[in-house]
Amino acid sequence: MSSRYKSFVSVENLDAHVGQEVTLNGWVYDKTEKGKLVFIKLRDGSGTVQCVLFKPNVSEEIASAAQSLTQESSVSITGTVRKEERSPTGVELDVTNVTVWQISRDYPISPKDHGVEFLMEHRHLWLRSARQHAIMRVRSVVVKAIRDFFDGNGFRLMDSPIFTPNACEGTSTLFETQYFDLGKAYLTQSGQLYAEASAMALGKVYTFGPTFRAEKSKTRRHLTEFWMVEPEMAYFDLNDDMDLAEDLVEYIVQCVLKSSPKELAVLGRDVSKLEAVRRPFYRMSYTEAVEWLNKNDVKLNRKQSDGTEIQVDFPWGEDFGAPQEEALMQQFDKPCIIHRYPTEVKAFYMKRDPADVKVALAMDMLAPEGAGEIIGGSQREDDHDALLQRILHENLSQQDFQWYLDLRKYGSVPHAGFGLGLERTVKWITGADHIREVIPFPRMIYRIMP
RNA sequence: UCCGCAGUAGCUCAGCUGGUUAGAGCAUCUGACUGUUAAUCAGAGGGUCCGGGGUUCAAGUCCCUGCUGCGGAGCCA
């Protein structure tokens, strides 16, 4: 590949340069010496390769430059690429020259044994570690897969605003900010309402960007700032919506399997579990799920007025919590879509099932291996009066939603969409045990630094 | 917000029913070694035991309080 901007040989494609002398620009990941040998593990952002310097082969200056290197010193190393059986990457560099840019002193992160607090405080440096590096590369592949999937299926990207005048869903808490003389503005918690307007203009659209929730959630599945992709399709019903969600998730997983085997190996991911993620996924109605829970004795902890907890059968009408979702998913080796939730636990914009008005045409996709909910979606309410009724029922401002109601006045059509949480998806695919590891700089209830 | 747990060397931790000079491994520095990859071996330096108050002849250890962090719940993607 040739380009006008600067490019150089990268570790990633060193095997194309066997026998040649190349210069790598990077940082020292690790260094050990053994007598007249100096072993330097060099990382250049694309990968890591071991460089071997045999002192008698180079000048004293070069040898002492190599010996002076410390962890994370910046350095350019020139040498001959050689096939090497003993190397995990299959190649090594026989060093002929070393140019030191900076000697790093007291780099805080050593190759092992650190606590979470320490690593989070050094997130800006932690990203250099092999595991974090692998996760970030997978994240990048997942984003590309998502965009390729939609771009290749007739969707148009329609960005939605981050400043919004009101809540999309009354339930969640919003981050508030002063917006000049126009009063309060909020950071968006979903681009969906704008995606609906966009779908009426362009047919099939998706919005992809950061969203914000001021929920005081402190779990390994929550961030206050996270990325969400939200497709919205005119003339789609709930079944079409579920079909699309399946196709998307299958595509993402298969893309990662294809393009990131090295990263998955670094992460120790069991790829056979990902290979199993093929359509069709499982599907189950909420009502069937409740029946399953009660048949399998999965109880609900309920607090009584005196403060004690008792275990009760799961009542129809209650939303599932993490324990119920986990129990349900234990039987499945690939994602499961649960659909037709009780209207009362779902958002006002979701259409009621004409066959049973107690349930909404909503669906959630749960990922296996304890990963939990990665998608939430629905067919939208397309009837003006029904939607207005729900807005008033939820005590939302009719005026704030006037533009949204307009969509039901001027050529309303059945339409549906969903939101896929990027970080939850990457967490599942990489097998990361906490969502904070799958976004470069996580924002959580008790952490905003670095 | 609620429930539970923790804070001791740069890092990860041990430190018993309170007892006199607070330990280990890793990291760092010095030296040895032509195949290390969590190298090994020999040596060295490194401490406000989270802050404040209290009990006691004596507190890293017990009590109160504050701070910080972790795990989980609810809510959700």
Side-chain angles (χ1 to χ4, degrees), chain A residues 29-42 48-57 67-68 70-71 82 84-89 92 94 104-122 130 168-173 189-192 210-230 245 300-303 307 309 318-326 345-347 363-367 371-377 418-428 433-436 438-439 444-447:
Chain A
Y29 195 69
D30 197 12
K31 185 198 76 178
T32 56
E33 289 183 60
K34 187 158 189 352
K36 295 190 174 67
L37 288 167
V38 184
F39 298 99
I40 302 157
K41 282 207 197 70
L42 185 78
T48 305
V49 68
Q50 177 159 273
C51 306
V52 186
L53 181 143
F54 185 49
K55 288 182 201 170
N57 285 351
Q67 284 178 281
S68 75
T70 56
Q71 196 188 357
R82 171 171 47 77
E84 173 57 67
E85 297 272 318
R86 288 167 288 191
S87 158
T89 55
E92 276 186 0
D94 282 328
S104 162
R105 296 283 174 215
D106 300 321
Y107 185 71
I109 300 178
S110 62
K112 60 176 186 179
D113 273 358
H114 292 290
V116 173
E117 181 184 1
F118 180 82
L119 290 170
M120 286 308 297
E121 270 164 20
H122 295 86
C168 297
E169 307 176 26
T171 52
S172 299
T173 342
Q189 55 186 348
S190 162
Q192 183 205 309
T211 51
F212 309 85
R213 307 247 169 122
E215 296 157 0
K216 298 208 164 175
S217 306
K218 189 173 152 21
T219 78
R220 59 180 73 183
R221 304 181 307 281
H222 284 86
L223 295 164
T224 57
E225 176 180 331
F226 66 97
W227 282 64
M228 188 154 66
V229 60
E230 296 172 279
L300 182 72
N301 287 329
R302 174 154 284 170
K303 250 203 186 114
E309 277 194 1
E318 193 102 355
D319 205 358
F320 296 137
Q324 288 81 39
E325 290 183 351
E326 204 160 311
V345 303
K346 288 294 178 185
M363 62 100 170
D364 284 355
M365 186 189 290
L366 308 181
E373 185 178 345
I374 57 171
I375 281 178
F418 61 83
L420 174 134
L422 174 65
E423 285 78 15
R424 287 203 180 163
T425 303
V426 176
K427 175 180 180 284
W428 164 47
D433 66 310
H434 200 298
I435 200 164
R436 65 187 162 217
V438 306
I439 186 168
M444 296 175 295
I445 174 168
Y446 293 129
R447 182 176 293 282

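Being a predicted model, the structure only gives us computed values, none of them experimental. These numbers come from the heavy atoms of this one structure, side chains and all, not from hydrogens, waters or symmetry mates. Below, chain A is the first sequence line, B the second, and so on; all start at residue 1.
- For A:Pro108, the side chain to side chain contact (heavy atoms under 4.5 Å, CB included) partners at least two apart in sequence or on another chain are A:Phe118, A:His122, A:Leu125.
- For the salt bridge (charged side-chain N to carboxylate O under 4.0 Å, His left out) test, no residue two or more places apart in sequence or in another chain qualifies with A:Glu230.
- Base pairing of B:A39: no nucleotide in any strand meets the Watson-Crick or G-U wobble criterion (both distances under 3.5 Å).
- Pair check for B:A6 finds B:U68; Watson-Crick or G-U wobble, both atom distances under 3.5 Å.
- A:Gly372 comes within contact range of no nucleotide atom at all, as no heavy-atom separation falls under 4.0 Å.
- For the atom pair A:Lys427 NZ and A:Arg436 CZ, the distance stands at 10.5 Å (nearest 0.5 Å).
- Across every strand in view, B:A73 sits in a pair with B:U1 that passes the Watson-Crick or G-U test at under 3.5 angstrom.
- Of the nucleotides present, B:U12 is the one that pairs with B:A24 by Watson-Crick or G-U wobble criteria, both distances under 3.5 Å.
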Could you run down nucleotides 35-46 of chain B 5' to 3' and tag each one B, S or - for protein heavy-atom contact under 4.0 Å? BBBBB-------
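- Here the CZ atom belonging to A:Arg220 is positioned 13.0 Å from the CZ atom belonging to A:Arg424, to the nearest 0.5 angstrom.
- The gap from the P atom of B:G47 to that of B:U8 amounts to 15 Å, rounded to the nearest Å.
- Donor-acceptor pairing under 3.5 Å, judged by distance alone, is present between the side chain of A:Arg424 and the base of B:C76.
- With both ends at atom C1', the span from B:G45 to B:A9 equals 11 Å, rounded to whole Å.
- Rounded to an integer number of Å, the gap from NZ of A:Lys218 to C1' of B:C75 is 15 Å.
- As the counterpart of B:C62, B:G54 is assigned, both hydrogen-bonding distances of the Watson-Crick or G-U wobble pattern falling under 3.5 Å.
- Here the nucleotide nearest the side chain of A:Phe118, chosen from B:C11, B:C70, B:A77, is B:C11.
- Distance A:Asp106 CG to B:C26 P: 18 Å, rounded to the nearest Å.
- With rounding to whole Å, A:Leu420 atom CG is found 18 Å from B:C76 atom P.
- Across B:C5 and B:A77, the matching C1' atoms stand 29 Å from one another, rounded to whole Å.
- Rounded to an integer number of Å, the gap from OH of A:Tyr107 to P of B:C29 is 16 Å.
- Distance, A:Gln189 CD to B:C76 P: 11 Å, rounded to whole Å.
- Across all strands shown, A:His122 has no heavy atoms under 4.0 Å from either base or sugar-phosphate atoms.
- For A:Glu117, taking side-chain heavy atoms from C-beta onward, the closest of the listed nucleotides B:U68, B:A77, B:G74 is B:U68.
- Base engagement by A:Leu223 is indicated by at least one non-hydrogen atom pair under 4.0 Å involving a base atom.
- The C1' atoms of B:U61 and B:G19 are separated by 11 Å, rounded to the nearest whole Å.
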Output a table of nitrogen or oxygen pairs between the protein and nucleotides 47-50 of chain B separated by less than 3.5 Å.
none

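- If you measure from atom CZ of A:Arg213 to atom C1' of B:C75, you get 10 Å, rounded to the nearest angstrom.
- Between B:U55 and B:C63, the two C1' atoms lie 7 Å apart (nearest whole Å).
- At a threshold of 4.0 angstrom between heavy atoms, the contacts of A:Pro323 are confined to the sugar-phosphate backbone, with no base atom among them.
- Candidate nucleotides B:G74, B:U34, B:C76 were compared by shortest atom distance to the side chain of A:Asp319, and B:C76 ranks first.
- Under a 3.5 Å cut-off, the side chain of A:Lys31 and the backbone N or O of A:Gln67 do form a donor-acceptor pair.
- Within the 4.0 angstrom heavy-atom criterion, base atoms lie near A:Thr219.
- Judged purely by atom type and a 3.5 angstrom limit, A:Thr211 uses its side chain to pair as donor or acceptor with the backbone of A:Phe226.
- For the atom pair CD1 of A:Ile445 and NE2 of A:His222, the computed distance is 10.5 Å after rounding to the nearest 0.5 Å.
- With sequence neighbours excluded, the residues forming a side-chain hydrogen bond (donor to acceptor under 3.5 Å, both in side chains) with A:Ser87 are A:Thr89, listed by chain and number.
- Of the candidates A:Glu84, A:Glu92, A:Arg86, A:Gln50 forms a side-chain hydrogen bond (donor to acceptor under 3.5 Å, both in side chains) with just one, namely A:Glu92.
- For A:Thr70, the side-chain hydrogen bond (donor to acceptor under 3.5 Å, both in side chains) partners at least two apart in sequence or on another chain are A:Ser73.
- Aromatic stacking of A:Tyr446 on B:G69: not satisfied for centres closer than 5.5 Å together with planes under 30 degrees.
- Between A:Arg221 and B:C76 there is no side-chain polar atom (N or O) within less than 4.0 angstrom of OP1 or OP2.
- A:Arg436 has its CZ atom 4 Å from the P atom of B:G71, to the nearest Å.
- The closest donor-acceptor contact from the side chain of A:Gln324 to the backbone of A:Asp319 lies at 3.5 Å or more, if one exists at all.
- The pairing partner recorded for B:G46 is none, the criterion being a Watson-Crick or G-U wobble arrangement whose two distances lie under 3.5 angstrom.
- A donor-acceptor contact under 3.5 angstrom links the side-chain atoms of A:His222 to the base of B:C76.
- For the pair A:Gln67 CD and B:U28 P, the interatomic distance rounds to 15 Å; values are reported in whole Å.
- Atom-to-atom distance recorded for A:Trp428:CH2 and A:Leu366:CG is 11.0 Å, nearest 0.5 angstrom.
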